[in-house]
Amino acid sequence: MSNAPNVPVLMYHHVHPAGGMIAVTPEVFEQQIAGLARAGYTSLSAQQFADYLAGGTVPEKSVLITFDDGYLNNWTYAHPVLQRYGMKAILFLITGWLGQGDVRPYEGQGLPVPHSPDHHESKRLVAAGRTDEVMLRWSEVRAMLAAGTFEVHSHTHTHTRWDKECGPDVAAKRQHIAQELKDSRAALIHELGGVSDHLCWPQGYFDDDYVQMAREAGFRHLYTTDALGQNLPGANPEHIYRFAVRNLGGSWLNRRIWMSRHPIVGPRYHAWKAWKRRVRNRK
């Protein structure tokens, strides 16, 4: 088997009918997943991806599909699409935002699907303590695990940026990060029976203190929101590159993956994007 030159990591948050900020519509998501399947892409598990970074082999056309936070619409709209096409994704859960209760209907079952607010409204409802209206329940997480459409890893317990909350108090910041990771691990073990060494940073932010606390908590694979690089065999597992998927069709996503993964075009494309960002920031 010819090994992948690198593995692009796709980043999603919401799949809901309104689309909008960090969201794709169910129709676009199906176009994207169907396009990947038709093009012969394999969606990797976290363990396959970790083995690849450590020097292992995966199918030549491989991707890692990730979702952040754990919104209810990942179950109601993304899960049935992944199931139809035999694809799997990684879900980074904010463990403190999930609740208990019965499994709710998902699209295609012939039952009314719960309303899915946009991202701004979702944040407002979470802040108001109404997390069950927008976030997954543990029962739904277990149902997705059983179906093989998602696997679950940590996105911390409360999604708090402790560098902002604690200001210059580094000791307090480190203490809060450590507790955050401890609570997330405990929740995953209690609800799902185990926890991995994969962690996604809240809002994509990290610094040396965050990385050190993650190491001490047992996390080895750290996911960023940095899109300007390639995940290569032997690459640093503490800096995993991901790019945000836009609300555009399957052909757009296949082109974006091609640009990201090509051994010659990819680095030049990322260098161009970095140059554009520097120019924009100088204005």
Side-chain angles (χ1 to χ4, degrees), residues 4-15 19-25 28-29 32 35-36 41 49 52-53 62-69 71 89-90 92 94 118-120 122-123 155-156 159-165 167-168 173 177 198-214 219 221-283:
N6 61 78
V7 174
V9 180
L10 285 54
M11 178 177 64
Y12 291 92
H13 286 76
H14 297 272
V15 179
M21 180 181 177
I22 60 174
V24 299
T25 66
V28 166
F29 185 65
Q32 292 172 346
L36 291 177
Y41 279 97
F49 180 60
Y52 172 79
L53 292 179
S62 291
V63 294
L64 193 70
I65 302 170
T66 69
F67 280 75
D68 287 7
D69 300 343
Y71 295 103
I90 287 173
F92 292 111
I94 304 170
D118 66 18
H119 187 64
H120 290 299
S122 295
K123 289 174 65 176
H155 196 26
T156 74
H159 205 255
T160 302
R161 283 278 303 274
W162 292 109
D163 56 294
K164 290 184 175 181
E165 295 293 323
K173 168 188 162 188
I177 296 169
H198 295 251
L199 170 70
C200 178
W201 298 119
Q203 301 176 39
Y205 179 83
F206 61 96
D207 58 25
D208 290 344
D209 293 320
Y210 278 86
V211 173
Q212 183 58 38
M213 292 298 96
F219 293 103
H221 295 85
L222 308 179
Y223 292 74
T224 74
T225 55
D226 181 1
L228 304 183
Q230 294 180 320
N231 301 303
L232 305 162
N236 180 11
E238 292 183 344
H239 191 110
I240 293 168
Y241 296 96
R242 298 190 300 163
F243 70 84
V245 179
R246 298 167 61 186
N247 190 30
L248 298 169
S251 58
W252 172 85
L253 181 58
N254 282 352
R255 288 195 303 272
R256 180 65 179 83
I257 289 172
W258 182 87
M259 286 190 291
S260 177
R261 72 190 292 273
H262 195 281
I264 297 173
V265 175
R268 293 179 178 177
Y269 173 73
H270 295 141
W272 173 71
K273 294 282 284 186
W275 173 80
K276 282 186 64 178
R277 179 180 296 175
R278 289 194 300 271
V279 170
R280 185 170 60 248
N281 290 341
R282 285 199 296 264
K283 292 181 179 179

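Numbering starts at 1 and runs along the sequence shown.
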Taking C-beta and beyond as the side chain, do [X] and [Y] meet within less than 4.5 Å on heavy atoms?
X	Y	answer
Ile22	Tyr12	no
Tyr269	Ser260	no
Asn247	Thr25	yes
Leu253	Val245	yes
Leu10	Thr66	no
Ile65	Phe67	yes
Val24	Arg246	no
Thr156	Trp162	no

Can you measure from [atom1] ([X]) to [atom2] ([Y]) and round to the nearest 0.5 angstrom?
X	Y	atom1	atom2	result
Phe219	Cys200	CZ	SG	11.5 Å
His13	Ser122	NE2	OG	11.0 Å
Leu199	Glu238	CG	CD	10.5 Å
Asp226	Met11	CG	CE	10.0 Å
Met259	Arg268	CE	CZ	15.0 Å
Asp209	Ile177	CG	CD1	6.0 Å

*Please work out which of the three classes, parallel, tilted or perpendicular, describes the rings of His155 and His159, given edges at 30° and 60°.*
perpendicular
*Name the orientation class of the two ring planes belonging to His14 and His119 (parallel below 30°, tilted from 30 to 60°, perpendicular beyond 60°).*
perpendicular
Which atoms form the tightest heavy-atom contact between [X] and [Y], and what is the distance?
X	Y	answer
Gln230	His262	NE2-O, 3.0 Å
Ala4	Tyr52	O-OH, 2.8 Å
Ala227	Phe243	CB-CB, 3.7 Å
Tyr41	Ser62	CD2-N, 3.9 Å
His270	Gly229	CE1-O, 3.3 Å
Pro8	Ile257	CG-CG2, 3.9 Å

_Derivation of the side-chain contact (heavy atoms from CB on, under 4.5 Å) call for Arg280 and Arg277_ = CA-CA 5 Å; Arg280 185 170 60 248; Arg277 179 180 296 175; 3.9 Å; yes
*Any luck finding a side-chain donor-acceptor pair between Asp163 and Tyr210 under 3.5 Å?*
yes
*Tell me, with the steps shown, if Asn254 and Leu36 meet side-chain contact (heavy atoms from CB on, under 4.5 Å).*
CA-CA 7 Å; Asn254 282 352; Leu36 291 177; 3.5 Å; yes
*Any chance you could lay out the side-chain contact (heavy atoms from CB on, under 4.5 Å) test for Leu222 and Val211, step after step, and finish with the verdict?*
CA-CA 8 Å; Leu222 308 179; Val211 173; 4.2 Å; yes
*Does CZ belonging to Arg161 count more than 12 external heavy atoms closer than 6.0 Å?*
yes
_How about CG on Asn281, more than 12 heavy atoms from neighbouring residues, nucleotides or ligands closer than 6.0 Å, or not?_
yes
_Check against salt bridge (charged side-chain N to carboxylate O under 4.0 Å, His left out), Lys123 and Asp69_ = CA-CA 11 Å; Lys123 289 174 65 176; Asp69 300 343; over 6 Å; no
*asked:* Applying side-chain contact (heavy atoms from CB on, under 4.5 Å) to Val9 and Ile240, what does each step give before you reach the verdict?
replied: CA-CA 8 Å; Val9 180; Ile240 293 168; 4.1 Å; yes
*Do you know which of Arg242, His198, His239 makes side chain to side chain donor-acceptor pair (under 3.5 Å) with Tyr223?*
His198
*asked:* Given 3.5 Å as the limit, does a donor-acceptor pair link the side chain of Asn6 with the main chain of Asn231, or not?
replied: no
